[in-house]
Amino acid sequence: MRYSQYFVPTVKETPSDAEVISHQLMLRAGMIRKLAAGVYNYLPMGLRSIRKVENIVREEMNRAGAIEILMPTVQPAELWQESGRWEFYGKELLRFKDRKEAEFCLGPTHEEVVTDLVRREVKSYRQMPLNLYQIQGKFRDEIRPRFGLMRGREFIMKDAYSFDVDSAAADLSYDKMYQAYRRIFERCGLNFRAVEADTGSIGGTSSHEFMVLAESGEDAIVSCSCCQYAANIEKAEVRPVAPAEHAEPRPLEKVATPEKRTIEEVAAFLHVPHSSMAKCLIFVADGEPVVVLVRGDYELNEIKLKNLLGCTELEMAPDSVVENVTGAPVGFAGPVGLKVRIIADFSVQGMKNFVTGGNEKDIHLKNVNLERDFRVERFADLRNVVPGDACPRCEEGRMEMWRGIEVGHVFKLGTKYSEALKATYLDAEGKERIIFMGCYGIGVSRTVAACIEQNYDGNGIIWPIPIAPFHCIVSALNYKEEAVAQASDAIYEELAAAGVEVILDDRDERPGFKFKDADLIGIPLRIVVGAKNLAEGKVELKHRKSGEVELLSVNEAVAKVRALVVAALK
RNA sequence: CGGGGUGUAGCGCAGUCUGGCUAGCGCACCUGCCUUGGGAGCAGGGGGUCGGAGGUUCGAAUCCUCUCACCCCGACCA
């Protein structure tokens, strides 16, 4: 490819609405352009990287025995009504009507469509295991699209669905996908972790997320310093610890705390550590108020609470409910004397003589004690893991915390969708049984963005070779000079013939301009052909990542680039 | 949806509070000269229904009403 005839609209200035580095660099490097909120045009450079990821995904899916299909973007409402998600999926599902007033939606995911396909075609245990996948554009009408390709409304996703005769067979399919995912992200050159995750709205019995480690990640994940345990903070378990305090209960005491509402303010005012206070939070679960206690220095994990309560709607109580339940304005809630059910985190179990709100304006209570002053209906693991916590799985480990970008998610679905859509088969005895499913997603366009979050410097992107739009750029410093043009063309031809994806910068621009563009776009290898070096038969090979520069003969440079590319792709 | 903010040339912005003169600046773009190892320099040039509609006024980018789009903070997720 000749740069002068290609389409790479780079820009020097950073667009003001791009927050994260991948968004800024993809815009500046001419990879993407925004069409509408969360909807992007993929320009040549961007598309090439996306295709690279797609191909890696495709190869590994095929290797794992999955079979590629392509399902429609437009889906009929009936299927969603049948699974019950027409009501549950909410506004994220973009709905519309055709000319005959029939209802449709833009597919945010394809459980219904594949399950429908399979229920029609798969009748016998002999047809399974079956794993169908596609790489396709999805649309989710996100509440708040942001960060460019990291959270678009339209995005490219690989989604696979496995169908098995029973739970054990489904576990095997799941393991295969899990291994395939590891290979995929390794091949993309990403630094990632597979973590245990909450299944969220897709449902099912268990799941793992594949997280690319990056400061800008929207998810918090924890991992053990010793063993393999790693989980999304939403899911991460806290190791229960035996109550340690043995202090004698002291008499309950009311103290005035004028205008002191938060843990921070009250602790400072009363000169007690946060850990000597109990946070009292009031929620509304499916319309019912619930009081939840957590030790003052910890955070409540709402997902754990929601799963414990088994409710579908959970929200922080509005001020009016708090006032109703406690009889006091927000900021002075405590468990003593309340009439509603009280749930508490394990961290509260061992507390003695602690501080809580007094359920009265400007009043807190000191020396509060369990049993004597109030009763807890149930203790459970309800708090977020904190760095340094003991590992729930091994004896020695301590928890470490990271930020991550979710690029893949694998789920064991069980029979959630097959039951709703009546996807059944006949077993060897001729008995009708429900199919067991799994589903496996990879955010392809997001993976490209995540890769940039992990690979950049002050000058631009630094692509790992496997997903770089081009492996090598030949920068001809003055293409108008006969010798330079000839040598550049020759190098370009030879590299291309050797299977290297190469772009020749033959533009009539100043050297600095070309270097800046090359660095911004992030091509891993650059051969600079300049008149001075060429007079001595030399060209320069520069490595984008290390900045290392080698002065080589033309032949050496071509051979070296070829070798580096082959090594990186094997 | 709730809260906050922004719409002026392709991009980044000034001008708006306090209405008035030809609507400005940097980058990008076009032409010429010059220059060629880290986003050069000089000269000339093109490009705007000031997001849209309505209103107030002798006069509106500026004031008022409505509307649309986009961005940021919360709930969503690949």
Side-chain angles (χ1 to χ4, degrees), chain A residues 9-19 23 27-28 30 33-39 53 57 89-93 108-110 135-160 181 197-202 207 209-212 218-219 232 234 302-303 306 313-316 318 404-411 439-450 458-460 475-481 484 507-520 526 528-534 539-540 542 547 549:
Chain A
T10 58
V11 285
K12 214 187 301 184
E13 280 167 300
T14 305
S16 62
D17 55 0
E19 295 249 329
H23 190 193
L27 250 13
R28 289 191 51 208
R33 285 293 183 267
K34 186 170 75 174
L35 211 217
V39 178
V53 173
V57 167
Y89 216 91
K91 293 204 190 79
E92 216 179 302
L93 187 64
T109 178
H110 284 66
I135 297 174
Q136 188 231 26
K138 295 275 187 283
F139 192 93
R140 295 183 185 171
D141 200 357
E142 292 277 344
I143 304 152
R144 196 147 89 76
R146 62 185 138 177
F147 303 154
L149 294 198
M150 291 253 279
R151 180 182 233 70
R153 290 195 293 175
E154 187 182 272
F155 56 99
I156 298 170
M157 178 170 163
K158 185 283 303 179
D159 46 329
Y181 273 43
D198 186 73
T199 54
S201 66
I202 303 279
S207 74
E209 288 169 334
F210 288 77
M211 293 283 190
V212 167
E218 294 183 271
D219 288 281
N232 190 309
E234 297 175 350
E302 283 194 38
I303 290 170
K306 192 173 175 186
E313 289 274 320
L314 180 72
E315 52 180 20
M316 285 286 271
I405 302 164
E406 183 189 358
V407 289
H409 203 157
V410 293
F411 296 84
C439 80
Y440 317 93
I442 289 180
V444 172
S445 38
R446 179 184 281 185
T447 298
V448 172
N459 290 317
S475 299
L477 289 199
N478 189 346
Y479 198 73
K480 283 177 178 165
E481 278 185 38
V484 171
R507 295 175 298 171
D508 183 19
E509 293 289 355
R510 301 166 63 80
F513 196 90
K514 295 186 175 191
F515 295 152
K516 288 290 184 189
D517 266 347
D519 286 350
L520 177 61
R526 182 173 89 203
V528 180
V529 183
K532 282 180 206 130
N533 284 329
L534 199 57
V539 293
E540 183 182 293
K542 183 159 183 176
V549 175

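Lettering follows sequence order; numbering is per chain, from 1.
- Judged by distance alone, with hydrogens and angles left aside, D519(A) brings a side-chain donor or acceptor within reach of the base of G38(B), the pair sitting under 3.5 Å.
- Using a 4.5 Å heavy-atom cutoff, the side chains of N232(A) and D198(A) are not in contact.
- Aromatic stacking of F515(A) on G39(B): not satisfied for centres closer than 5.5 Å together with planes under 30 degrees.
- Contact annotation: R144(A) side-chain N/O to G74(B) OP1/OP2 distance is under 4.0 Å.
- Looking only at distances, a side-chain donor or acceptor of R33(A) sits under 3.5 Å from a matching main-chain atom of L27(A).
- Residue R146(A) has a polar side-chain atom (N or O) positioned under 4.0 Å from OP1 or OP2 of C73(B).
- A straight line from CZ of R446(A) to C1' of C76(B) spans 11 Å, rounded to a whole angstrom.
- Using a 4.0 Å cut-off, some side-chain N or O of S16(A) falls inside it from OP1 or OP2 of C13(B).
- For the C1' atom pair drawn from G24(B) and A61(B), the interatomic distance equals 12 Å after rounding to whole Å.
- Atoms CG (D517(A)) and C1' (G38(B)) sit 12 Å apart, rounded to a whole Å.
- We find that CG of D508(A) is positioned 15 Å from C1' of U31(B), with the value rounded to whole Å.
- RNA chain B is contacted by both G443(A) and G38(A); G38(A) maps to the nucleotide lying nearer its 5′ end (nearest heavy atom per residue).
- The base-pairing partner of A60(B), taking Watson-Crick or G-U wobble contacts with both distances under 3.5 Å, does not exist among the strands shown.
- A donor-acceptor pair is defined here as one N or O able to donate and one able to accept, closer than 3.5 Å; such a pair exists between the side chain of R446(A) and the backbone of M150(A).
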Test log, rule salt bridge (Lys or Arg N to Asp or Glu O under 4.0 Å), inputs E19(A) and R146(A): CA-CA 8 Å; E19(A) 295 249 329; R146(A) 62 185 138 177; over 6 Å; no
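- Pair assignment for G2(B) gives C73(B), based on Watson-Crick or G-U wobble hydrogen-bonding distances that are each under 3.5 Å.
- Within the 4.0 Å cut-off from OP1 or OP2 of C71(B), at least one side-chain nitrogen or oxygen of K34(A) is found.
- Side-chain proximity of E218(A) to the nucleotides U36(B), C71(B), C76(B) is greatest for C76(B).
- In this structure, K516(A) atom NZ and A40(B) atom P are separated by 10 Å, rounded to whole Å.
- As the counterpart of A14(B), no nucleotide is assigned, since no Watson-Crick or G-U wobble pattern has both distances under 3.5 Å.
- Atom CG of L477(A) is separated from atom P of U35(B) by 17 Å (rounded to the nearest Å).
- Looking at heavy-atom distances under 4.0 Å, I156(A) makes no contact with the nucleic acid at all.
- No N or O donor and acceptor, one from the side chain of E509(A) and one from the base of G39(B), sit under 3.5 Å apart.
- With RNA chain B read from its 5' end, the first of the two nearest nucleotides for F513(A) and P145(A) is the one closest to F513(A).
- A donor-acceptor contact under 3.5 Å is formed by the side chain of K542(A) with the base of G38(B).
- Distance check on atom C1': C30(B) versus A9(B) gives 15 Å, rounded to whole Å.
- Atom OH in Y479(A) sits roughly 23 Å away from atom P in U35(B) (whole-Å rounding).
- Remark: the R526(A) side chain and the G38(B) base include a donor-acceptor N/O pair separated by less than 3.5 Å.
- Base pairing analysis places U49(B) opposite nothing; no Watson-Crick or G-U wobble pair with both distances below 3.5 Å involves it.
- For S475(A) (side chain) and V528(A) (main-chain N/O), no donor-acceptor pair under 3.5 Å exists by modelled atom type.
- Between the Y181(A) side chain and the Y440(A) main chain, a donor and an acceptor come within less than 3.5 Å of each other.
- Across all strands, G408(A) comes closer than 4.0 Å only to sugar-phosphate atoms, never to a base (heavy-atom distances).
- Nucleic acid contact for K138(A): none, since no nucleic acid atom lies under 4.0 Å from a heavy atom of the residue.
- Comparing atom distances between the V528(A) side chain and each of C76(B), G37(B), C71(B) picks out G37(B) as nearest.
- You'll find a donor-acceptor pair under 3.5 Å spanning the side chain of R151(A) and the base of C77(B), going by distance alone.
- Residue K158(A) is out of contact with every strand shown, counting any heavy-atom pair closer than 4.0 Å.
- One can place CD of E209(A) at 13 Å from C1' of C76(B), the figure rounded to the nearest angstrom.
- Atom-to-atom, CD of E92(A) to P of C1(B) comes out at 16 Å; the value is rounded to the nearest Å.
- Contacts of R153(A) with the nucleic acid, taken as non-hydrogen atoms under 4.0 Å apart, are absent.
- Across all strands shown, G152(A) has heavy atoms under 4.0 Å from base atoms, whether or not it also approaches the sugar-phosphate.
- F210(A) comes within 4.0 angstrom of nothing in the nucleic acid, heavy atoms only.
- Of the listed nucleotides (A28(B), G26(B), G37(B)), G26(B) has the atom at the smallest distance from the side chain of E13(A).
- In this structure a side-chain-to-backbone donor-acceptor pair under 3.5 Å is present from K514(A) to R507(A).
- Under a 3.5 Å cut-off, the side chain of R28(A) and the backbone N or O of V11(A) do form a donor-acceptor pair.
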